[in-house]
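The figures that follow rest on heavy atoms only: side chains count, while hydrogens, waters and symmetry mates do not. None of these values were measured; they are calculated from a predicted model. In listed order, ligands and their atoms are each counted from 1.
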Amino acid sequence: MSKTQSLSFARVPHPSPTPADKRAELLKNPGFGRVFSDHMVTIRYSDSRGWHDARIEPRAPISMDPAAAVLHYAQEIFEGLKAYRTADGGATLFRPEENARRFQRSAERLAMPVLPEKAFLDACDLLVSTDRAWIPDGDGSLYLRPFMFATEVFLGVKPSSDYLFMVIASSVGAYFKTDAPAVSVWVSTDYTRAAPGGTGVAKCGGNYAASLLAQAEATRHGCDQVVFLDAKEQRWVEELGGMNVFFIFDDGSLSTPPLGGTILPGITRSSLITLAKDKGLEIREERYSIDQWRSDAGTGRLREAFACGTAAVVTPIGTVRSKDGEFRIGNGGSGAKTEELKATLVGIQRGRTPDPYGWIHKVF
Ligand code: PLP
Ligand code: COI
């Protein structure tokens with residue numbers, strides 16, 4: 001298949017889809033990532049045939065040879081994006097082209113084949129339209145998880161010759177379980193997430209495997225998420241385990257750590273930078289040290305901080321804990337600017353306010 005040629009998807013409908021009453025029960029309080037829709041999309045790749053065998057079929061376990069390369073060398077990448085139900089009964093995605101492009105960049109970094117943008121978008125659209133009944137009402141959404149992994153049966157260390165690309169969908173509510181107005185974060189000083197020249201910029205499973213021990217440490221200290229510092233100096237705030245971070249100051253300006261190869265270039269992050277600029281706010285992409293964070297929280301120069309990402313949306317950070325003790329930001333809850341930015345973003349994402357940016361992709 002060439003870059004512009006489109007794949008046609010074979011359609012294998014589910015013989016016994018989840019009954020409506022059972023689905024309604026599951027959608028009442030789905031949490032995050034535990035409730036799955038009825039179908040999945042798969043596309044295969046081999047060096048000899050290119051992209052082929054695209055299909056949508058009933059969601060089911062997949063079988064793999066125990067020597068499949070991904071099980072040994074973790075050649076795997078993924079994406080995360082949400083489908084929203086609109087007031088007119090339709091469904092939309094938020095900037096899915098950006099996910100498709102980041103997926104391509106992740107593939108390049110992991111020495112994997114590059115899936116054409118159109119195939120990525122068609123796969124997402126097809127799954128959303130097929131499983132539209134799984135998009136929750138209200139504040140929920142249908143979280144799409146496109147991913148790709150190496151399937152060649154070979155134990156030598158080299159890029160695989162075969163891959164499987166898949167999209168699954170999960171009906172979700174809020175990512176964080178807490179009812180608190182803000183989350184708490186643990187600053188990891190024993191572990192780092194990404195080093196210069198490494199894979200921090202890519203969305204590959206290995207980055208998350210490497211973050212789990214630090215996340216477990218955060219949980220042990222009563223925190224919702226882990227904050228990683230840079231690997232070189234252990235000084236500069238980079239990002240959280242699964243989200244980017246923003247700071248809001250007493251002069252009304254904002255800052256967020258700059259992308260430099262070790263931070264995931266979040267689509268929510270880039271959207272919020274645009275929204276902040278268009279609101280006339282000063283926004284800097286600049287390094288911010290953990291010592292400065294502590295000191296600014298103490299003096300009141302720092303008024304608010306928040307985490308952001310597809311799963312987290314915009315989540316205020318109230319408490320920061322580390323081996324050196326704990327500090328609070330503002331009153332430890334949310335702040336007015338965080339709430340304003342969140343409302344603008346969510347309003348556009350859910351089609352409640354006009355989208356002057358062309359960010360909304362209509363599925364149907
Ligand atoms: N940083 C990390 C490590 C993430 O896993 C995510 C989530 O995808 C983000 C940042 C935010 O990215 P996005 O806004 O594109 O979801
Ligand atoms: C997302 O926000 O899409 C992610 O991949 C982050 C993860 C914490 C669920």
Which ligand 2 atoms does [X] reach within 4.0 Å, using its non-hydrogen atoms?
| X | value |
| --- | --- |
| Phe78 | 5 (O) |
| Tyr143 | 1 (C), 3 (O), 4 (C), 5 (O) |
| Tyr175 | 8 (C), 9 (C) |
| Arg145 | 5 (O) |
| Gly80 | 3 (O) |
| Ala311 | 1 (C), 2 (O), 9 (C) |
| Lys203 | 4 (C), 5 (O) |
| Thr310 | 2 (O), 3 (O) |

Result of checking Lys22, Arg23, Lys28 against Glu25 for side chain to side chain donor-acceptor pair (under 3.5 Å):
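Going through Lys22, Arg23, Lys28 one by one, the side chain to side chain donor-acceptor pair (under 3.5 Å) with Glu25 is satisfied by Lys28 alone.
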Is there a donor-acceptor contact under 3.5 Å linking the side chains of [X] and [Y]?
| X | Y | answer |
| --- | --- | --- |
| Trp186 | Gln225 | no |
| Gln75 | Ser160 | no |
| Arg85 | Thr92 | no |
| Thr199 | Asn207 | yes |
| Ser271 | Arg95 | yes |
| His14 | Asp38 | no |
| Thr262 | Glu238 | yes |
| Ser161 | Glu152 | yes |

Is NZ or CZ of Arg287 both nearer than 6.0 Å to the six-membered ring centre of Trp236 and within 45° of the ring axis?
yes
If you measure from each non-hydrogen atom of Met243 to ligand 1, which part falls under 4.0 Å: side chain, backbone, both or neither?
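Answer for Met243: backbone.
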Is it the case that more than 12 heavy atoms not belonging to Asp139 sit under 6.0 Å from its CG atom?
no
Would you say CG of Asp88 has more than 12 non-hydrogen atoms from neighbouring residues, nucleotides or ligands within 6.0 angstrom?
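Yes, the 6.0 Å shell around CG holds more than 12 heavy atoms from other groups.
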Name the closest protein heavy atom to [atom], giving the residue it belongs to and the distance to 0.1 Å.
| atom | result |
| --- | --- |
| atom 6 (C) of ligand 2 | Gly242 O, 3.6 Å |
| atom 6 (C) of ligand 1 | Gly242 O, 3.3 Å |
| atom 14 (O) of ligand 1 | Thr268 OG1, 2.5 Å |
| atom 1 (N) of ligand 1 | Glu239 OE1, 2.5 Å |

Should you measure from each heavy atom of [X], which atoms of ligand 1 turn up under 4.0 Å away?
| X | result |
| --- | --- |
| Gly309 | 11 (C), 14 (O), 16 (O) |
| Arg102 | 12 (O), 13 (P), 15 (O) |
| Tyr208 | 2 (C), 3 (C), 4 (C), 5 (O) |

Candidate pair Lys279 and Thr344, rule side chain to side chain contact (heavy atoms under 4.5 Å, CB included), full reasoning:
CA-CA 10 Å; Lys279 283 177 186 287; Thr344 307; 2.8 Å; yes
I'd like the name of whichever of Thr310, Leu272, Asn99 reaches closest to atom 16 (O) of ligand 1 through any heavy atom.
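The nearest heavy atom belongs to Thr310.
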Quick one: which of Gly266, Ala194, Ser271, Gly241 has a heavy atom closest to atom 12 (O) of ligand 1?
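Looking at heavy atoms only, Gly266 sits closest to atom 12 (O) of ligand 1.
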Ligand 1 and Ile267, any nitrogen or oxygen pair closer than 3.5 angstrom?
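Yes, since at least one N or O of Ile267 sits under 3.5 Å from an N or O of ligand 1.
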Is Arg193 in contact with ligand 1, taking contact as a heavy-atom separation below 4.0 Å?
yes
Within-shell test, Lys203 vs ligand 1, heavy atom, strictly < 4.0 Å:
yes
